[in-house]
Protein chains: 2
Amino acid sequence: MATRTDAPTRREQILKEAARLFAERGFHGVGVDEIGAAVGISGPGLYRHFAGKDAMLAELLVGISGQLLTGGKRRVAEADGGAEAVLDSLVEGHIDFALDDRPLITLHDRELDRLRDSDRKLVRQLQRQYVELWVEVVREVYPALTEPTARSAVHSVFGLLNSTPHLGRPGALPGRGVTAALLHRMARGAFAAAAGDAVL
Amino acid sequence: MATRTDAPTRREQILKEAARLFAERGFHGVGVDEIGAAVGISGPGLYRHFAGKDAMLAELLVGISGQLLTGGKRRVAEADGGAEAVLDSLVEGHIDFALDDRPLITLHDRELDRLRDSDRKLVRQLQRQYVELWVEVVREVYPALTEPTARSAVHSVFGLLNSTPHLGRPGALPGRGVTAALLHRMARGAFAAAAGDAVL
DNA sequence: CAGGGAGGTTAGCGGTCGTTAACCTGGACG
DNA sequence: CGTCCAGGTTAACGACCGCTAACCTCCCTG
């Protein structure tokens with residue numbers, strides 16, 4: 001992703017605040033007036049930028065899933081070294097995302113069912129592709145894993161990595177690098193154990 | 001827990017259905033009429049059993065946290081063998097819970113903020129005690145872990161174990177025992193890796 | 001300098017939802 | 001056999017919320 005130096009557009013401000021509020025109190029728990037207030041305009045002013053409250057959530061969730069998948073594909077294509085290196089790169093990318101965009105990670109697996117059918121199908125499809133990307137790489141590193149087992153393991157590791165919102169507010173943590181390293185180690189350890197490697 | 005053979009009371013029916021609906025569509029996404037319909041009575045009839053919709057959520061969340069903590073304490077007290085055996089017992093108990101009561105696991109970390117202040121504080125306190133129970137045992141097994149690191153590791157492993165709702169509907173799974181064993185292995189592998197043990 | 005669109009504002013409509021009120025009913029029990 | 005209460009019912013109220021309508025006001029541009 002190209003680094004952004006220009007000021008965020010109003011649309012982006014709204015999306016960011018909406019993500020935070022949705023993550024904190026749930027989609028139905030947040031009113032449009034609150035979202036407006038969070039960016040300094042009031043309620044119905046949002047409708048100059050979005051078709052409705054649903055559209056904000058849809059754009060957030062589609063955006064998340066798309067970013068994860070795109071980033072994952074890029075890492076698979078670019079990583080040099082064996083399958084081990086690719087897996088490490090995937091883990092690193094997911095951790096970056098989980099640490100930098102906690103509200104989005106929270107929304108990701110919490111508000112999916114609030115979407116229109118078509119949007120939900122799209123998000124699910126992107127998520128599935130992302131999972132399959134991981135499954136392929138994991139099975140390359142650990143050929144002992146059957147496909148269903150590898151898929152379960154991937155979902156479980158996502159659960160592990162996505163636990164960042166529960167780790168206390170950023171600042172109470174030992175430091176970003178240390179936390180990232182811990183998560184990385186644990187994810188790799190979990191995969192290795194799934195494959196039956198000795199972990200004693 | 002004593003095994004129940006008698007029929008569930010109406011209160012219990014309501015709580016069970018409410019948990020399922022809350023987990024599926026979120027607290028604010030479910031109306032009292034739906035909850036009533038799920039147990040064969042209609043809307044306001046619920047108020048003969050609960051003070052309000054909030055009270056149902058509160059009872060569910062306090063119940064979950066209390067059960068987890070009580071079960072955890074019991075396992076710590078009863079487990080024979082060393083710290084390893086205690087940790088295995090804790091993991092096993094948490095997995096049983098995650099596999100048997102998926103809706104509750106979902107609610108557990110999703111709807112906490114919808115509670116009255118006093119209830120939320122109570123739930124948080126029970127959760128904290130449960131985490132500390134784990135932290136102590138984990139540090140006994142892996143003395144290399146500092147306390148903050150052990151706490152982070154415990155939260156992350158909870159994320160891993162609580163991923164069961166994402167593993168596909170129960171029936172698409174390879175079988176309960178197999179899944180439980182996989183989760184157990186991965187949890188132990190994650191802890192071992194957190195402590196820096198070789199996992200290659 | 002006229003004009004028009006982008007991006008705000010406030011007022012208010014329509015629907016939904018939690019909750020209460022008022023009423024009904026069957027069965028346990030003195 | 002009368003009574004009373006647990007556990008239902010339907011009607012309706014009041015609050016809230018998403019969204020639209022109508023209007024205003026810069027600022028850019030021909």
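Below, chains carry the letters A, B, ... as their sequence lines are ordered, and counting in each starts from 1.
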In whole Å, what is the span from the OH atom of A:Y47 to the P atom of D:dC17? 12 Å

Is there a donor-acceptor contact under 3.5 Å linking the side chains of A:R11 and A:T9? no

Classify B:G45 by what it touches in the nucleic acid, base, sugar-phosphate, or nothing, heavy-atom distance under 4.0 Å. base

Please give me the minimum heavy-atom distance between A:A38 and A:R20, naming the atom from each residue. CB-NH2, 4.2 Å

Output yes when B:D101 and B:K16 qualify as a salt bridge under the 4.0 Å nitrogen-oxygen rule, no when they do not. no

So B:G43, base contact, sugar-phosphate only, or nothing? Heavy-atom distance under 4.0 Å. nothing

A:H28 vs D:dG18: side-chain N/O to OP1/OP2 distance below 4.0 Å: no

Charged N to carboxylate O under 4.0 angstrom, A:D54 versus A:R114? no

Rounded to whole angstroms, how far apart are CZ on B:F50 and C1' on D:dA6? 15 Å

Sugar-phosphate only, base, or nothing, as touched by B:V39 at under 4.0 Å among non-hydrogen atoms: nothing

A:K53 NZ to D:dC16 P: how many Å, rounded? 15 Å

I'd like to know if B:E147 and B:R151 make a salt bridge, using a cut-off of under 4.0 Å between side-chain N and carboxylate O. yes

Test side-chain contact (heavy atoms from CB on, under 4.5 Å) applied to B:L161 and B:T164, step by step: CA-CA 7 Å; B:L161 298 179; B:T164 50; over 6 Å; no

Each nucleotide in nucleotides 21-26 of chain D should get exactly one letter: B, S or -. Can you fill that in based on protein heavy atoms under 4.0 Å? -BB---

Sidechain-backbone polar pair: B:S65 side chain, B:L61 backbone, donor-acceptor under 3.5 Å: yes

To the nearest Å, how far apart are B:I14 CD1 and D:dG8 C1'? 11 Å

How long is the span from the CG atom in B:L60 to the NE2 atom in B:H108, to the nearest 0.5 Å? 12.5 Å

Do any N or O atoms from the side chain of B:T70 and from the backbone of B:G66 form a donor-acceptor pair under 3.5 angstrom? yes

Donor-acceptor pair, side chain of B:R139 and main chain of B:L145, under 3.5 angstrom: yes

Have a look at the helix from C:dC1-D:dG30 to C:dG30-D:dC1 and give the angle its two end axes make, five pairs each, rounded to 10 degrees. 0°

Using the heavy-atom set of chain A and a strict 4.0 Å cut-off, write down the first and last nucleotide of DNA chain C that makes it in, 5' to 3'. C:dG7 to C:dA11

CZ/B:F27 to CE/B:M56 distance, rounded to the nearest 0.5 angstrom? 8.5 Å

Atom-pair distance (CZ on A:F27; P on D:dG18), nearest Å: 8 Å

